[in-house]
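Please read the structure below before turning to the comments.
Letters go in sequence order (proteins before strands), and every chain restarts at 1.
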Amino acid sequence: MPDKFTVARALREIGALLEVEGENPFKVRAYENGARALEGLADDLGATIAAGKLTELNGIGEALAKKIADLHATGSTPLLERLRASHPPGILKLLQIPELGPKKIAALHAALGIATVADLETACLGGRVRGVKGFGGKTEQKILEGIRRFRSRAIDRRTLLADALAVADDLLAYLRPFPAAERVELAGSARRGRETVNDLDLVAASRDPAALAAHFAAYPSADEVLARGPTKTTLRLATGLQVDLRMVPPEDFATLHHHLTGSKAHHVRLRGIARELGYTLSEWGLHRLDPAREATPDVPLTGGEPALDHARKVPIESEEALYAALGLRFVPPELREDQGEIEAARDGSLPGDLVRPEDIRGFVHCHTVWSDGRATVEEMARAAEARGAEFVTITDHSRAAGYAGGLDLDRLRRQWEEIDRVQEKVKIRLLKGTEADILEDGALDWPDEVIERLDVVVASVHSRFRMDEDQMTRRLVRAMSVPFFKIWGHGLGRLLNEREPYACRVEEVLDALAASRGAAEVNGDPQRLDLEPRWIRAARSRGVPLVLSVDAHSTGALGYLRFAVATARRGWARRGEVLNAHPAEVFAQAVRPAG
DNA sequence: GCCGTTTTCGGCCCGACTGTTTTCAGTCG
């Protein structure tokens with residue numbers, strides 16, 4: 001039976017195909033809104049449908065509820081069948097090509113019968129696209145470039161958050177000392193801590209944007225200037241990553257920074273609230289509408305502030321002030337996804353104590369040369385100590401992870417002796433742990449009497465990823481039900497851009513984890529970031545505590561903590577819910593496998 | 001398609017930039 005995320009995908013497919021048909025854009029958006037409402041559903045979808053409570057969700061009415069029920073029961077609904085029958089399957093792929101939207105696709109399909117990426121490429125190369133009304137030679141070239149980028153993304157390859165932030169740090173260091181830059185900050189999905197990003201968005205306060213834009217365009221790693229206007233310049237870096245720099249006078253900085261941080265869905269909601277309060281909100285700020293002249297349409301000026309001559313600007317000096325003006329508590333960037341944060345900011349239930357990097361007192365899940373790590377126990381301990389940690393857990397692989405140098409019992413005992421020796425030399429507290437494989441049948445890769453002697457157990461799947469959903473769910477439920485405290489390591493085994501999460505009914509596993517004793521890991525490895533935010537919320541709602549880990553195979557990887565924290569914040573994790581935000585003794589007591 | 005102490009109809013967020021248009025449509029975020 002399809003879960004809520006599968007049903008949400010089907011709604012988005014309906015929306016996309018309706019868009020190609022030229023359907024009312026608000027109707028198209030209704031499907032997108034419905035999909036998001038579904039994804040944010042806290043309760044079981046089947047139960048919600050059975051109780052007739054779907055329409056209680058904001059954005060789902062009678063029509064969508066009916067279709068969602070169909071999709072949940074049968075995997076499809078008549079409208080989706082009709083749309084799939086009347087549009088070639090390649091249409092959805094065409095929508096993914098940059099520069100190509102529903103209108104152009106429809107026009108090309110009508111004029112030239114283009115239905116696939118290959119058709120489109122052939123037509124561009126043959127010079128036939130420029131003959132279609134509304135298309136010219138430049139558009140033809142842009143489409144070809146778009147196809148090339150579409151293909152190079154292969155499996156929808158996006159830039160990892162860690163890589164994006166490294167580039168952003170470098171760019172900020174380049175831009176900030178420039179005299180015409182009064183302030184430069186990161187915005188966009190990277191600021192929100194998204195696991196991967198499409199591009200980087202930077203915002204600058206400047207009284208001389210032309211000079212700043214010129215300096216930006218001269219950035220040494222820039223490959224090409226893609227666009228250049230009075231307030232915005234776009235670069236493509238040698239790595240292919242695209243960077244936008246938007247510039248405004250200092251007094252408009254806060255609202256622009258907020259605007260470009262997104263998400264789009266969050267902003268749509270805020271603008272609706274602004275309207276209700278008699279304002280209009282845009283990157284140019286908050287303006288109070290003059291009711292007497294409300295009917296006057298805005299007349300945008302090219303390349304400047306729109307002529308909101310019937311409205312009065314409300315000075316906004318910070319994001320906090322903007323939310324306050326809308327009657328809302330400040331919403332941290334990581335939460336701005338229209339996943340309930342607006343309602344929480346309104347009724348005051350938004351958590352004010354989201355976990356922060358400085359809250360974390362110990363590094364969990366560290367490998368050493370005993371298995372597949374590159375640093376010794378002592379090197380790892382000293383590196384963790386140098387970063388100010390109170391404790392570090394040494395969790396090398398268990399025997400079944402042969403490819404990773406997993407330890408047998410004899411080597412595990414010798415490792416304990418070494419940890420004891422190092423402990424005498426360092427102040428930081430060392431905990432003896434394991435990353436135990438979850439075997440095919442759900443058993444852990446150590447006998448009970450060994451587990452009882454360990455300080456901490458991370459239990460992870462490292463083999464047989466391709467089991468079907470039933471098998472994998474049974475395997476994990478059994479593993480999470482063992483009567484020891486265990487940390488579910490890198491939950492769904494995904495590797496961003498490389499491997500999908502494995503099929504599994506996550507809620508059932510979390511139920512088992514909650515009923516037995518255990519915690520869920522938020523793995524900070526830039527390619528994992530696993531569990532992902534929606535499942536972090538599901539774990540928290542069951543009272544399952546979290547561990548923010550680095551999964552470090554080198555001393556440098558202790559820096560992954562930043563990404564684990566960002567991911568946990570996206571899952572609304574509060575400081576008190578994170579075990580390694582507690583003092584060493586409290587943490588050690590909480591994670592002790594036995595007792 | 002959704003939604004409603006101004007409404008069950010008529011709204012629905014807003015602007016930058018490009019390319020093709022000669023006043024604007026399409027795409028993006």
* Walk me through it: do A:Arg494 and A:Glu195 pass the test salt bridge (Lys or Arg N to Asp or Glu O under 4.0 Å)? => CA-CA 12 Å; A:Arg494 72 168 176 185; A:Glu195 59 211 23; 3.0 Å; yes
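Among the protein residues, A:Arg228 comes within range of the sugar-phosphate backbone only, with heavy atoms under 4.0 Å from sugar or phosphate atoms but none that close to a base. Within 4.0 Å (heavy atoms only), A:Leu100 reaches sugar-phosphate atoms of the nucleic acid but no base atom. Nucleic acid contact class of A:Lys264 (heavy atoms, under 4.0 Å, all strands): base. Note on A:Pro102: only backbone sugar-phosphate atoms sit closer than 4.0 angstrom, heavy atoms only; bases stay farther off. At a threshold of 4.0 angstrom between heavy atoms, the contacts of A:Lys104 are confined to the sugar-phosphate backbone, with no base atom among them. Here A:Lys66 lies out of heavy-atom contact (under 4.0 Å) with every strand.
Between the side chain of A:His257 and the main chain of A:Leu186, a donor-acceptor pair closer than 3.5 Å is present. Put simply, the side chain of A:Arg192 gets close to the backbone of A:Thr261: a donor and an acceptor are under 3.5 Å apart. Side-chain atoms of A:Ser263 come within 3.5 Å of backbone N or O of A:His266 as a donor-acceptor pair. Not one N or O on the side chain of A:Thr233 forms a donor-acceptor pair closer than 3.5 Å with the backbone of A:Leu245. At least one donor-acceptor pair under 3.5 Å links the side chain of A:Asp530 to the backbone N or O of A:Leu492. Side-chain N or O atoms of A:Arg288 include none that pairs as donor or acceptor with a backbone N or O of A:Val314 at under 3.5 Å. Side chain of A:Arg246 to backbone of A:Leu260: no donor-acceptor contact under 3.5 angstrom is found.
Between B:dC14 and A:Thr280, a contact under 4.0 Å exists linking OP1 or OP2 to a side-chain N or O. Phosphate contact (OP1/OP2 of B:dC17, side-chain N/O of A:Thr231, threshold under 4.0 Å): present.
Other residues, nucleotides and ligands contribute over 12 non-hydrogen atoms within 6.0 Å of the CD atom of A:Glu343. Counting non-hydrogen atoms of neighbouring residues, nucleotides and ligands closer than 6.0 angstrom, the CD atom of A:Glu320 exceeds 12 such neighbours.
Scanning for side-chain contact (heavy atoms from CB on, under 4.5 Å) contacts around A:Asp3 gives A:Phe5, A:Thr6, with sequence neighbours left out. For A:Asp119, there are no salt bridge (Lys or Arg N to Asp or Glu O under 4.0 Å) partners two or more places apart in sequence or in a different chain.
Between the C1' atoms of B:dT21 and B:dG26, the separation comes to 12 Å (whole Å). Taking atom C1' on both B:dG11 and B:dT6, the two are 13 Å apart, rounded to the nearest angstrom. Comparing the C1' positions of B:dT23 and B:dG19 gives a spacing of 14 Å, expressed to the nearest Å. Look at the C1' atom in both B:dG15 and B:dG10: the space between them is 24 Å, to the nearest Å. Distance check on atom P: B:dG1 versus B:dT5 gives 23 Å, rounded to whole Å. Distance noted for atom P between B:dC28 and B:dT20: 16 Å (whole Å).
Taking a 4.0 Å limit (strictly below) on heavy-atom distances, residues 130-142 of chain A reaches DNA chain B at A:Gly134, A:Phe135, A:Gly136, A:Gly137, A:Lys138, A:Thr139, A:Lys142. Of the residues in residues 79-94 of chain A, not one comes within less than 4.0 Å of DNA chain B through any heavy atom. Residues from residues 322-344 of chain A lying near DNA chain B, meaning a heavy-atom separation below 4.0 Å, are absent.
To the nearest angstrom, P of B:dG29 lies 12 Å from CG of A:Leu226. For the pair A:Leu256 CG and B:dG29 C1', the interatomic distance rounds to 12 Å; values are reported in whole Å. In this structure, A:His259 places its NE2 atom 9 Å from P of B:dA16, rounding to the nearest Å. A:Arg29 places its CZ atom 10 Å from the P atom of B:dC14, with the value rounded to the nearest Å. If you measure from atom CG of A:Asp199 to atom C1' of B:dG29, you get 8 Å, rounded to the nearest angstrom. Atom pair A:His257:NE2 and B:dG29:C1' shows a separation of 15 Å (rounding to whole Å applied). Rounded to an integer number of Å, the gap from CG of A:Leu289 to C1' of B:dC14 is 12 Å. The CD1 atom of A:Ile143 sits 15 Å away from the C1' atom of B:dC28 (whole-angstrom rounding).
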Could you list, one pair per line, each protein nitrogen or oxygen that sits under 3.5 Å from a nitrogen or oxygen of nucleotides 2-4 of chain B, together with the distance?
unit_1, atom_1, unit_2, atom_2, d
B:dC2, OP1, A:Gly61, N, 2.6
B:dC2, OP1, A:Gly61, O, 3.3
B:dC2, OP1, A:Leu64, N, 3.1
B:dC3, OP1, A:Asn58, OD1, 3.4
B:dC3, OP1, A:Gly59, N, 2.6

Below 3.5 Å is the cut-off: list the nitrogen or oxygen pairs between protein and nucleotides 9-11 of chain B, distance only.
none

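Of the candidate nucleotides B:dG15, B:dG1, B:dA16, B:dA16 has the atom lying nearest to any side-chain atom of A:Arg246. Checking B:dG1, B:dC14, B:dA16 against the side-chain heavy atoms of A:Arg275 singles out B:dC14 as nearest.
Base pairing of B:dT8: no nucleotide in any strand meets the Watson-Crick or G-U wobble criterion (both distances under 3.5 Å).
A residue-by-residue look at A:Val268 and A:Lys103 shows that A:Val268 has its nearest nucleotide of DNA chain B further toward the 5' end. Toward the 5' end of DNA chain B, the nearer of the two residues A:Ala227 and A:Glu283, judged by each one's closest nucleotide, is A:Glu283.
For the ring-ring contact (aromatic ring centres under 6.0 Å, His included) condition, the pairs that include at least one residue of residues 168-201 of chain A, sequence neighbours left out, are A:Tyr174-A:His215, A:Tyr174-A:Tyr219, A:Phe178-A:His215. Residue pairs meeting the ring-ring contact (aromatic ring centres under 6.0 Å, His included) criterion with at least one member in residues 89-113 of chain A: none, sequence neighbours excluded. Judged as a ring-ring contact (aromatic ring centres under 6.0 Å, His included), the pairs with a partner in residues 324-350 of chain A (not counting sequence neighbours) are, in order, A:Tyr323-A:Phe330.
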Output side-chain donor-acceptor pairs under 3.5 Å for residues 126-136 of chain A, partner residues at least two apart or in another chain, one line each.
unit_1, atom_1, unit_2, atom_2, d
A:Arg130, NE, A:Glu140, OE1, 2.9
A:Arg130, NH2, A:Glu140, OE1, 2.7

Side-chain donor-acceptor pairs of residues 46-55 of chain A under 3.5 Å, sequence neighbours excluded:
unit_1, atom_1, unit_2, atom_2, d
A:Thr48, OG1, A:Asp44, O, 2.7

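Looking at A:Glu21 and A:Ser86, their side chains come closer than 4.5 Å, going by heavy atoms from C-beta outward.
Exactly one residue among A:His267, A:Lys264, A:Arg269 makes a side chain to side chain donor-acceptor pair (under 3.5 Å) with A:Asp338. That residue is A:Arg269.
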